[in-house]
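Just so we're on the same page: letters track the sequence lines, and every chain starts at 1. What you see below is based on every heavy atom in this structure, not just the backbone, and it leaves out hydrogens, waters and symmetry mates. Predicted, not measured: the structure shown is a model, and the values here were computed from it.
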Amino acid sequence: MTAPISHLDLLEAESIHIFREAAAQFRRPVLLYSIGKDSTVLLHLARKAFYPAKLPFPLMHIDTTWKFREMIAFRDQTVKNFGLDLIVHTNEDGRERGINPIDYAPSIYTDVMKTVALKQGLDKYQFDAGFGGARRDEEASRAKERVFSFRAEGHRWDPRKQRPEMWHLLNGRLGSGETVRVFPLSNWTEKDVWRYILREKLDVVPLYIAKERPTVVRNGQIIMLDDERFPLKPGEKPQMRKIRFRTLGCYPLTAAIESDADTLESAVAETLSSTTSEREGRLIDHDQAGAMEKKKQEGYF
Amino acid sequence: MTALTAIKEPVTAAAPSIEAILGHELNGMLRVLTCGSVDDGKSTLIGRVLWDVADLPEDTRANIQRSKTSSGHPDFSLLLDGLVAEREQGITIDIAWRYFDTATRRIVIIDSPGHEQYTRNMASGASHADVAIMLIDARHGIKRQTKRHAAILDLMGVKRVILAVNKMDLVDWSEEKFRKIEADFRTLMWRFAFWEAIAIPASAVAGDNIASKSANMAWYTGPTLVEHLDEIPSRGIAPAGHFRFPVQTALRDAASDFRGLAGTVTSGSVEVGDRITDTVSGKTAKVQRISTFDGDLQKASQGQAVAIQLDTDLDIARGAVMAKPEQLPTITRTLDARLVWLSEDEYQQRKSYLLRTSTDLVPISTLEIRSLLDLETLAAHPATGASVNDIAIAHIALGRATALDAFSDLPETGNFMIVDAVTGASVAGGIVTAASTAAAATTGRPDAFILTRLMLERGLCADLGSDAKSQAEFNRRADEVSLLLRAAGVAVEFEVDDPGI
């Protein structure tokens with residue numbers, strides 16, 4: 001190497017190290033694939049870590065049935081392109097009970113269709129480790145998260161029971177009933193994720209790029225109408241707006257921003273020079289103080 | 001220097017070109033540990049550094065500006081605090097990670113708390129750090145705690161320290177006070193192996209000597225905190241020391257006839273054509289390919305994650321440390337070490353422990369605590385037990401040989417964790433102070449049960465083949481057998497001459 005190693009090279013090498021440590025130490029790992037930009041980088045790093053061998057674990061997508069249609073199409077295309085092994089899991093009980101993000105409070109919907117669904121999926125296939133794309137820079141309670149984040153029986157996260165991590169040593173020996181969430185992107189920032197997507201020329205869900213899309217404005221947030229399930233209030237008229245998303249989740253719960261950035265480069269440029277933090281676009285996090293920490297204790301990612 | 005201050009200008013509304021942003025891929029990374037107690041204003045100091053130089057989002061800035069401390073200043077410490085429970089208590093109880101960019105590189109702030117549990121938290125924080133900022137209150141000077149902090153940093157291998165003498169505003173910006181503290185600091189530093197130690201007078205609340213020179217302390221001609229940080233070289237860019245490659249896993253691809261050893265070069269470098277040896281088995285082969293997703297490399301250096309294909313298949317499994325034959329690590333069954341006891345559960349002689357090295361996991365046959373280190377006097381007091389936050393000097397005998405270096409030579413292959421075999425908890429972190437070669441180590445306890453390869457092959461492992469994966473499973477079962485026997489009160493050792501186990 002003649003050029004100095006860039007910070008992205010350092011982060012990439014560290015993530016590859018983490019993937020390999022986890023794959024070697026756990027019996028049944030799974031990559032928790034959520035289709036967004038972080039998952040895109042996560043998957044790319046996993047492929048690098050085991051190249052030229054195939055991924056030694058499957059992907060699992062927790063489908064709430066309220067993902068944007070373009071996300072599902074992107075997911076299926078990705079699986080096909082790279083010859084991946086994908087498990088899709090939905091909380092069927094929640095689906096039957098009709099739990100949806102429109103009639104129920106975001107906290108209830110998220111708990112049933114995401115948190116409970118995730119626990120079900122992990123239990124059903126007896127995964128002992130799940131790779132997730134969480135980053136320490138995302139939110140204050142994440143800043144103390146470990147790379148190997150241990151969950152007690154029932155997937156509960158207890159901040160006081162986390163193992164100290166020193167140097168590059170990752171201790172994956174499980175106590176009885178324990179499982180682990182593994183976070184290879186722990187030390188990445190949102191900017192790093194985007195820079196890396198551009199550097200590595202990775203495809204992302206087109207929703208990150210601005211396009212004319214049907215929308216309504218509600219409570220000051222721009223909501224995209226992805227299908228017929230979103231009931232309009234009296235007086236609300238769908239309106240075409242040029243919008244894009246900074247983060248992707250379930251469609252009525254993820255707000256869009258108006259933007260002219262209709263190429264990936266310009267969208268990233270806009271994001272990287274933007275002046276608000278990314279979780280502003282996620283409506284569930286405003287639900288209550290310390291929302292994320294509470295969700296984690298209940299078994300969220 | 002201007003790199004850090006250059007980005008102090010607020011980002012303008014116009015979106016910069018993508019070239020301008022991607023030109024921003026940074027030349028490396030610096031990890032900064034901050035230690036000190038809440039009372040010394042640590043969160044405020046670090047928050048102030050972030051406020052002055054980091055690319056904070058506008059909404060975050062607005063939040064801080066809205067906040068007020070009792071003294072009426074914006075509460076910069078909010079940039080550092082984490083969990084809800086801690087905000088309520090007003091203290092930090094774990095290490096927290098923060099990231100920001102200067103014009104040239106990534107700065108990672110590792111914040112470690114200063115109160116009761118600080119030894120273990122500081123030690124784990126220090127293990128990730130390139131430089132440490134020790135914070136003290138100018139009114140109180142160097143305290144016992146500062147001495148303990150310095151001792152932990154030294155033990156964990158941190159080479160550069162900064163003493164930030166905070167709250168200078170509360171001692172009327174007195175040069176005399178500062179010089180006295182600086183002199184005490186120098187005296188303290190003589191005891192340690194730091195490469196660089198500097199004291200800087202500052203006021204975090206007012207911003208004096210954080211990013212800009214203090215008008216109140218014209219007598220101070222040294223660098224500001226930010227200026228000094230900016231001068232410190234980034235982490236691990238130049239490969240140093242002997243080549244070490246702890247094998248994480250073997251990668252196989254039938255289609256391309258690939259069989260490689262996956263791992264990260266932890267020190268030195270290796271090139272195609274070099275002869276490398278699996279330290280414990282002594283098997284040697286030539287590097288045929290250094291493979292990555294982005295194409296083959298001619299050379300791999302410290303910090304790079306690669307897969308190495310050898311010219312002959314040596315059946316090497318996870319846990320092996322590859323090195324050059326003339327620069328091998330020590331093959332050892334006994335080591336002297338210093339430990340930081342991390343667990344609330346104290347050391348128990350009857351318990352089964354495992355030694356977790358870079359990629360190996362070895363059953364410990366005896367873990368003998370010999371003394372505890374007094375961090376203030378650095379004197380060792382004879383002891384036979386250790387509990388949370390203790391620094392212990394210990395002698396460890398292993399069930400089988402593994403490859404280790406002295407921490408002072410090669411930190412990445414000279415560190416380890418001690419793992420509770422039953423709960424899996426990481427109970428201690430440690431560094432190797434001396435390792436004796438396997439040949440010299442006739443640990444042989446007369447009462448020890450000798451577990452041989454043959455015994456396992458006949459029964460428990462009869463289903464296993466001879467490939468690397470089976471070998472790893474063989475080792476795992478052997479380890480578990482030894483742990484079970486130990487739990488039943490039987491001392492176990494593996495057959496010495498057998499390189500396999």
| field | Contact class of A/S15 relative to chain B, heavy atoms under 4.5 angstrom | value | neither
| request: Could you check which of A/E200, A/E178, A/Q162, A/R163 has the highest count of heavy-atom pairs closer than 4.5 Å to chain B? | output: A/R163
| query | Non-hydrogen atoms of chain A under 4.5 Å away: do they reach the side chain of B/T292, the backbone, both or neither? | reply | backbone
| request: Select one option (side chain, backbone, both, neither) describing which atoms of A/A49 are under 4.5 Å from chain B's heavy atoms. | output: backbone
| task | Compare all side-chain heavy atoms of B/T359 with those of A/E21 and state whether any distance is below 4.5 angstrom. | result | yes
| So how far is it from A/R173 CZ to B/D420 CG, rounded to the nearest 0.5 Å? | 8.5 Å
| A/L169 versus B/T357, closest heavy-atom pair with distance | CD2-O, 3.5 Å
| request: Measure B/S426 against the heavy atoms of chain A and call it side chain, backbone, both or neither at under 4.5 Å. | output: both
| Are any of the side-chain heavy atoms of A/M166 and B/M156 separated by less than 4.5 Å? | yes
| remark: Max heavy-atom pairs within cutoff under 4.5 Å with chain A, candidates B/A62, B/G429, B/A425, goes to B/A425
| Quick one: does B/D253's side chain have a donor or acceptor within less than 3.5 Å of a partner on A/Y51's backbone? | no
| note | Counting heavy-atom pairs under 4.5 angstrom with chain A, the leader among B/Q298, B/R61, B/M417 is B/M417
| message | Distance check, rounded to the nearest 0.5 Å: A/R136 atom CZ versus B/Y99 atom OH? | response | 4.5 Å
| task | Write down the atom of B/G28, the atom of A/L10, and the distance for their closest heavy-atom approach. | result | CA-CD1, 4.1 Å
| Region of B/R476 that comes under 4.5 Å of a non-hydrogen atom in chain A | side chain
| query | If we only count heavy atoms from C-beta on, is the A/H7 to B/R105 side-chain gap below 4.5 Å? | reply | no
| message | Which atoms of B/V108 are under 4.5 Å from chain A, going by heavy atoms: the side chain, the backbone, both sets, or neither? | response | neither
| said: Quick test of your reading of the model: are B/R106 and A/D192 salt-bridged, counting only N-O distances below 4.0 Å? | reply: yes
| request: Identify the two heavy atoms, one from A/A24 and one from B/T249, that lie closest to each other, and give their separation to 0.1 Å. | output: CB-CB, 4.3 Å
| task | Check the surroundings of atom NZ in A/K48: do more than 12 heavy atoms from other residues, nucleotides or ligands lie under 6.0 Å from it? | result | yes
| note | All heavy atoms of B/L342 vs all of A/P164, minimum pair found to be CD1-CG, 3.6 Å
| Contacting region of B/S343 [heavy-atom separation from chain A under 4.5 Å] | neither
| Do NZ/NE/NH1/NH2 and the carboxylate oxygens of B/R31 and A/E14 come within less than 4.0 Å? | yes
| Among the listed options B/A307, B/A305, B/S358, the residue most often paired with chain A at heavy-atom distances under 4.5 Å | B/A305
| said: Quick one, B/F293 and A/H44 - any side-chain contact, counting heavy atoms below 4.5 Å? | reply: yes
| request: Return yes if some donor-acceptor pair links the side-chain N/O of B/R356 with the main-chain N/O of A/L170 below 3.5 Å, else return no. | output: yes
| request: Answer with side chain, backbone, both or neither: which region of B/E412 has an atom nearer than 4.5 Å to a non-hydrogen atom of chain A? | output: side chain
| Is the side chain of B/S127 donor-acceptor paired with the backbone N or O of A/W167 at a distance under 3.5 Å, no angle test? | yes
| task | Using a cut-off of under 4.5 Å on heavy-atom pairs, state which of B/L361, B/V422, B/T266, B/V306 scores highest against chain A. | result | B/V306
| query | Got a second to check how far B/M29's CE is from A/L11's CG, nearest 0.5 Å? | reply | 4.0 Å
| field | B/L354 portion near chain A, given a 4.5 angstrom heavy-atom threshold | value | side chain
| note | CD of A/E12 to CD of B/Q304, rounded to nearest 0.5 Å, is 10.0 Å
| field | Among A/I16, A/T189, A/L174, residue most engaged with chain B (heavy-atom pairs, under 4.5 Å) | value | A/T189
| said: Less than 4.0 angstrom from a charged side-chain N to a carboxylate O is my criterion; do A/R199 and B/D294 meet it? | reply: no
| said: Under 4.5 Å from any heavy atom of chain A, what part of B/A421 do you find: side chain, backbone, both or neither? | reply: both
| Counting only N and O atoms by type, is there a donor-acceptor contact under 3.5 Å from the side chain of B/H128 to the main-chain atoms of A/E165? | yes
